Amino acid sequence: MASDKPSAPVGPVPFKDVGSEMDTALPEQPPEKLSHLADMVSSLPSKMEVNLGVRVYCYQGFWLPDNWVVAAIAMQRGFKARPDDVIVASLPKCGTTWLNALAFATMARHTYPPAAASHPLRRLNPHQCLPFLEGLFATGQEAMLDTLPSPRLMNTHMPLTMLPNTVLTTAAATEGGGCSGCRVIYICREPKDIVVSFWHYFQQSVPSVTLAETFEAFCDGAKIFGPFWDHILNYWRASTACPDNVLFLRYEELLRDPTSNVRKLAQFVGLPFSDAEEEVGVVDTIVKLCSLDNLRSLETNRTGYVDKRMNLRRETLFRKGIAGDWINHITPEMARRLDDIVAQKLGTMGLIFK
Ligand code: PAP
């Protein structure tokens, strides 16, 4: 007998359609309920983040602006992961926008066919499709997360250790326990290319900062969400210990073979492509929809801001999109220095960048 009950909405849905205008902007003020943390934050070791022009504080080994330390604490206390949650995680400038688009298009493909003219990614920037966890917690809007239908697809730049216990059970497994928790898709990138991309992007906010200054701070570890090596290493370790919970992707691999990586992503989130989908080329359609050329051509990505106060324009999320651009900006001596840091901090753990 047919049921009259309306079917429950299925996630992920574009966050902009159900939430507010959520972006990755740094919040100016912590919400009233968290203002008591301000004294604790101001007592932490701090440095100027040259590219952002704000002070960053060392909280639990990572450098964050004050309001994001507050967000990290609020997240650790208040975020309740659901078993079918998927979180896209990355350091800034590692391919977040691209992975957000690919993950959204893949997971939401039954509700929003990727070939449809009305697909959300044709009218929204990829960052508007996923809630940005620290942005919500920093502004006291985290209750919005409870309203989202499952499976939820969310985004964070936070290190794994800043995520709450319900996600962290995956990391605990590196100590020899079992693997449980929700699913995390991490993307990393060759560090020399991260620095160059980061510098170009933040030239919009503080144009006087040189690449050499950016490079120094990156090597020092004291960039936002840094040290980069610990950020990458924590997710890498969790992915090797719990491959069913943490998928570790590389930007360069996505560039080399996007279709295989999209299939891997679909399999990982429990939504593998069917034979029928393969036959009609759904994977290719998703890859084309999310390609740099397509995304940068769309009106939504040519206009508007990621953070208006910091003058970060959306169009600059789509710059060159290649591997190895560092060669045009970084001297051989600088390259050797950063390669040595990477070899020492990551190579000894089996994480190599060719
Ligand atoms: P975010 O952390 O501010 O979100 P993020 O998206 O992680 O930035 O990184 C931007 C980089 O990804 C840019 O690299 P570049 O500066 O070296 O060019 C950008 O060009 C690249 N990028 C964005 N979208 C795509 C895409 N669809 N395909 C390939 N690369 C992309």
Side-chain angles (χ1 to χ4, degrees), residues 3-20 22 71 74-90 96 99-114 116 118-121 124 126-137 140-158 160 162-171 173 178-187 235 238-239 242-247 249 262-274 277 282 286 290:
S3 159
D4 303 339
K5 243 172 94 184
S7 55
V10 174
V13 289
F15 189 64
K16 170 85 164 66
D17 292 353
V18 292
S20 64
M22 187 71 238
M75 273 172 71
Q76 286 171 329
R77 291 179 185 168
F79 178 61
K80 304 266 179 300
R82 301 178 191 160
D84 55 4
D85 279 344
V86 177
I87 300 176
V88 169
S90 62
T96 323
L99 184 55
N100 278 350
L102 289 170
F104 180 82
T106 301
M107 285 181 66
R109 68 188 188 270
H110 298 306
T111 313
Y112 306 105
S118 60
H119 193 282
L121 284 169
L124 297 173
H127 284 289
Q128 294 177 299
C129 291
L130 282 70
F132 184 56
L133 287 176
E134 47 270 45
L136 286 176
F137 278 91
Q141 301 178 78
E142 63 273 16
M144 280 182 189
L145 292 169
D146 299 334
T147 67
L148 297 177
S150 291
R152 297 182 297 185
L153 174 65
M154 296 161 283
N155 179 220
T156 188
H157 282 317
M158 284 287 178
L160 183 58
M162 298 289 165
L163 298 180
N165 287 339
T166 41
V167 177
L168 270 181
T169 42
T170 54
C179 293
S180 64
C182 63
R183 273 170 281 204
V184 177
I185 310 174
Y186 186 75
I187 184 158
Y235 283 101
S239 76
C242 297
D244 292 340
N245 291 92
V246 183
L247 177 66
L249 298 176
V262 169
R263 285 192 188 99
K264 198 193 279 185
L265 188 158
Q267 183 81 35
F268 175 75
V269 297
L271 295 166
F273 292 99
S274 65
E277 286 182 305
V282 173
I286 289 175
C290 302

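All values derive from a computational prediction rather than experimental measurement. Keep in mind that the numbers below use all heavy atoms, side chains included, and drop hydrogens, waters and symmetry copies.
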Is the side chain of Thr106 donor-acceptor paired with the backbone N or O of Ala103 at a distance under 3.5 Å, no angle test?
no
Please check: side-chain N/O of Arg82 versus main-chain N/O of Arg152, any donor-acceptor pairing under 3.5 Å?
no
Kindly compute the distance separating [atom1] ([X]) from [atom2] ([Y]), expressed to the nearest 0.5 Å.
X	Y	atom1	atom2	result
Asp85	Ser150	CG	OG	6.5 Å
Tyr235	Leu249	OH	CG	13.0 Å
Met154	Ile87	CE	CD1	4.5 Å
Asn155	Leu99	CG	CG	8.5 Å

For [X], give me all partners under side chain to side chain contact (heavy atoms under 4.5 Å, CB included), at least two apart in sequence or on another chain.
X	answer
Ala108	Pro12, Phe104, Tyr112
Pro151	Val10, Asp84, Met107
Lys80	none
Pro272	Gln267

Begin from the C-alpha positions of Cys129 and Asn100 and carry the test side-chain contact (heavy atoms from CB on, under 4.5 Å) through to its verdict.
CA-CA 8 Å; Cys129 291; Asn100 278 350; over 6 Å; no
Could you check if a side-chain atom of [X] sits within less than 4.5 angstrom of a side-chain atom of [Y], using non-hydrogen atoms only?
X	Y	answer
Glu277	His110	yes
Asp17	Leu124	yes
Val86	Cys182	no
Met144	Leu136	yes

Of all the heavy-atom pairs spanning Arg183 and Val269, show the shortest one and how long it is.
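In terms of heavy atoms, the two residues are closest at NH1-C, 3.4 Å.
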Axial cation check for Phe273 ring with Arg109, 6.0 Å and 45° limits
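Ring-cation test returns yes.
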Tyr186: partners by side-chain hydrogen bond (donor to acceptor under 3.5 Å, both in side chains), with sequence neighbours left out:
His231
Can you sort out the partners of Ser90 under side-chain hydrogen bond (donor to acceptor under 3.5 Å, both in side chains), two or more places apart, ordered by chain and number?
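For Ser90, the residues satisfying side-chain hydrogen bond (donor to acceptor under 3.5 Å, both in side chains) (neighbours in sequence not counted) are Thr96, His157.
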Tell me which one of Glu142, Met162, Met75 satisfies side-chain contact (heavy atoms from CB on, under 4.5 Å) with Glu134.
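That would be Met75.
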Applying side-chain contact (heavy atoms from CB on, under 4.5 Å) to Leu145 and Phe137, what does each step give before you reach the verdict?
CA-CA 10 Å; Leu145 292 169; Phe137 278 91; 3.8 Å; yes
Leu130 vs Phe15, side-chain contact (heavy atoms from CB on, under 4.5 Å): CA-CA, chis, key distance, verdict
CA-CA 5 Å; Leu130 282 70; Phe15 189 64; 5.7 Å; no
